[in-house]
S.K.: 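Supplied in structure tokens, the structure appears directly below.
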Amino acid sequence: MRLVTPSLEHLDAYCAALETGWSPRTTRQKAATEELHAISLDPVGFIASLDDPDARGGDIQLTDGKFVKRLPSFRRWIWHDGFCGSIELRWQHGTNALPPTCLGHIGYAVVPSRRREGLATAALGALLPDARRTGLTFVDLTTDPGNTASIRVIEKNGGQLVERRDKALTHGGGQELLFRIHLPLL
């Protein structure tokens, strides 16, 4: 498994996954349709938008229709004998804190046909040194209490349960688990 920087070279494989209904945003299935539309309008611009460490892109629309300022972020594609999924890191410069509109520092999604191969675990482990290089000393990740696969991925990478809490209504409400992974010095 390797993490690849999104590129035009790999875009067809990414589009093929989106066309199956898979979404890189586990909380927003319609993101697949939105991304396919953005790619059809400007493939080069879409690829460039996935690597935004200075948060130069436009504001982000939440599920309730409100807009919030974009965070510095970058996305990598999970690759092993083809496209397998996506993992993204987001942060604020100079702090570990995240705004309440952000579920966590890292989000990931593996295409259904490639799940249960350890790819999410490997991808998260491979991304953690990059998170440390941004200045973060820890990363927070959230998941639904019933998502045992995601809980295992986080725990295998050193994640410790911080709390069980109510999820913001802007993210669908219900319960979520907050995990933290402390990042060693490089």
S.K.: Any donor and acceptor pair, going by atom type alone, linking the side chain of His93 with main-chain N or O of Pro53 inside 3.5 Å?
M.R.: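 The answer is yes, because a donor-acceptor pair under 3.5 Å joins these two groups.
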S.K.: Is it the case that the side chains of Thr137 and Asn96 hold a donor-acceptor pair, with the cut-off being a distance below 3.5 Å and no angle test?
M.R.: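 The answer is yes; a qualifying pair exists.
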S.K.: Output yes when Lys167 and Asp144 qualify as a salt bridge under the 4.0 Å nitrogen-oxygen rule, no when they do not.
M.R.: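 Counted as a salt bridge, because a side-chain N and a carboxylate O are separated by less than 4.0 Å.
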S.K.: So, for Gly125 and Asn157, which heavy atoms are closest and what is the spacing to 0.1 Å?
M.R.: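 Where Gly125 meets Asn157 most closely, the heavy atoms are CA-OD1, 3.0 Å.
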S.K.: Taking Asp52 for its side chain and Arg56 for its backbone only, find out whether a donor-acceptor pair lies under 3.5 Å.
M.R.: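 Answer holds: yes.
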S.K.: Less than 4.0 Å between a side-chain N and a carboxylate O, is that true for Glu88 and Arg76?
M.R.: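 No, no charged N to carboxylate O under 4.0 Å.
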S.K.: Any donor-acceptor pair under 3.5 Å linking the side chain of His105 with the backbone of Asp140?
M.R.: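 The answer is yes, because a donor-acceptor pair under 3.5 Å joins these two groups.
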S.K.: How many angstroms lie between SG in Cys15 and CD in Glu35, if you round to the nearest 0.5 Å?
M.R.: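 Here the rounded value is 9.0 Å.
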S.K.: Please name the pair of heavy atoms, one in Arg114 and one in Cys84, separated by the smallest distance, quoted to 0.1 Å.
M.R.: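 Arg114 and Cys84 have their closest heavy atoms at NH1-SG, 3.3 Å.
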S.K.: Is the side chain of Asp51 donor-acceptor paired with the backbone N or O of Ile47 at a distance under 3.5 Å, no angle test?
M.R.: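 Looks like no, no N/O pair under 3.5 Å.
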S.K.: In Å, rounded to the nearest 0.5 Å, how long is the span from CD of Glu34 to CG of Leu18?
M.R.: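 It comes to 11.0 Å.
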S.K.: Is a side-chain N or O of Ser150 found less than 3.5 angstrom from the main chain of Asn147, in a donor-acceptor match?
M.R.: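 Not at all, since once roles are kept as given, no pair shorter than 3.5 Å links the two residues.
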S.K.: Between Arg152 and Glu155, does any NZ, NE, NH1 or NH2 come within less than 4.0 Å of an OD or OE carboxylate oxygen?
M.R.: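 The answer is no: the pair does not qualify as a salt bridge.
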S.K.: Specify whether Trp91 and Phe74 have parallel, tilted or perpendicular ring planes, treating 30° as the upper limit for parallel and 60° as the lower limit for perpendicular.
M.R.: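 Because their plane-to-plane angle is over 60°, the rings of Trp91 and Phe74 count as perpendicular.
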S.K.: Which heavy atom of Leu136 sits nearest a heavy atom of Leu89, and at what distance?
M.R.: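 Answer, listing the atom of Leu136 first, then Leu89: CD1-CD1, 4.2 Å.
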S.K.: Distance from Leu177 atom CG to Leu161 atom CG, nearest 0.5 Å?
M.R.: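 Here the interatomic distance stands at 5.5 Å.
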S.K.: What are the two closest non-hydrogen atoms of Asp130 and Ala126, and how far apart are they?
M.R.: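 In this case the closest contact between Asp130 and Ala126 is OD2-O, 4.1 Å.
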S.K.: Taking all atoms of both residues into account, what is the closest heavy-atom pair of Ser113 and Glu117, and its distance?
M.R.: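 Minimum heavy-atom separation between Ser113 and Glu117: O-OE2, 3.8 Å.
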S.K.: Looking only at atom types and distance, does a side-chain atom of Gln92 sit under 3.5 Å from a main-chain N or O of Ala97, one as donor and one as acceptor?
M.R.: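 Yes, the answer is positive, given that a donor and an acceptor are paired below the 3.5 Å cut-off.
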S.K.: Answer yes or no: is there a donor N or O on one side and an acceptor on the other, between the side chain of Arg132 and the main chain of Pro184, under 3.5 Å?
M.R.: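 Such a contact is found between Arg132 side chain and Pro184 backbone.
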S.K.: State plainly whether one hydrophobic cluster holds both Ile151 and Val153, where clusters connect Ile, Leu, Val, Met, Phe, Trp and Tyr through side-chain heavy atoms under 4.5 angstrom apart.
M.R.: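 Yes, one cluster joins them.
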S.K.: Is the backbone of Leu103 close enough, under 3.5 Å, to the side chain of Thr142 for a donor and an acceptor to pair up by distance?
M.R.: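 Yes.
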S.K.: Between Asp59 and Lys69 (salt bridge meaning N to carboxylate O under 4.0 Å), is one present in this structure?
M.R.: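 No, no charged N to carboxylate O under 4.0 Å.
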S.K.: With no hydrogens and no angle check, do the side chains of Tyr14 and Ser86 hold a donor and an acceptor under 3.5 Å apart?
M.R.: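 Side chains of Tyr14 and Ser86: no pair found under 3.5 Å.
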S.K.: Do you know which two heavy atoms are closest between Val110 and Ile78, and how far apart they sit?
M.R.: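 Closest approach of Val110 to Ile78: CG2-CD1, 4.3 Å.
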S.K.: Check the hydrophobic clustering (I, L, V, M, F, W, Y; side-chain heavy atoms under 4.5 Å; chains of links allowed) and say if Trp79 and Leu8 are grouped together.
M.R.: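 Yes.
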S.K.: Do the side-chain N and O atoms of Arg164 and Gln175 include a donor-acceptor pair separated by under 3.5 angstrom?
M.R.: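 Note: Arg164 and Gln175 side chains meet the donor-acceptor criterion.
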S.K.: Please check if the side chain of Asp54 supplies one atom and the backbone of Pro72 the other of a donor-acceptor pair under 3.5 Å.
M.R.: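 Answer holds: no.
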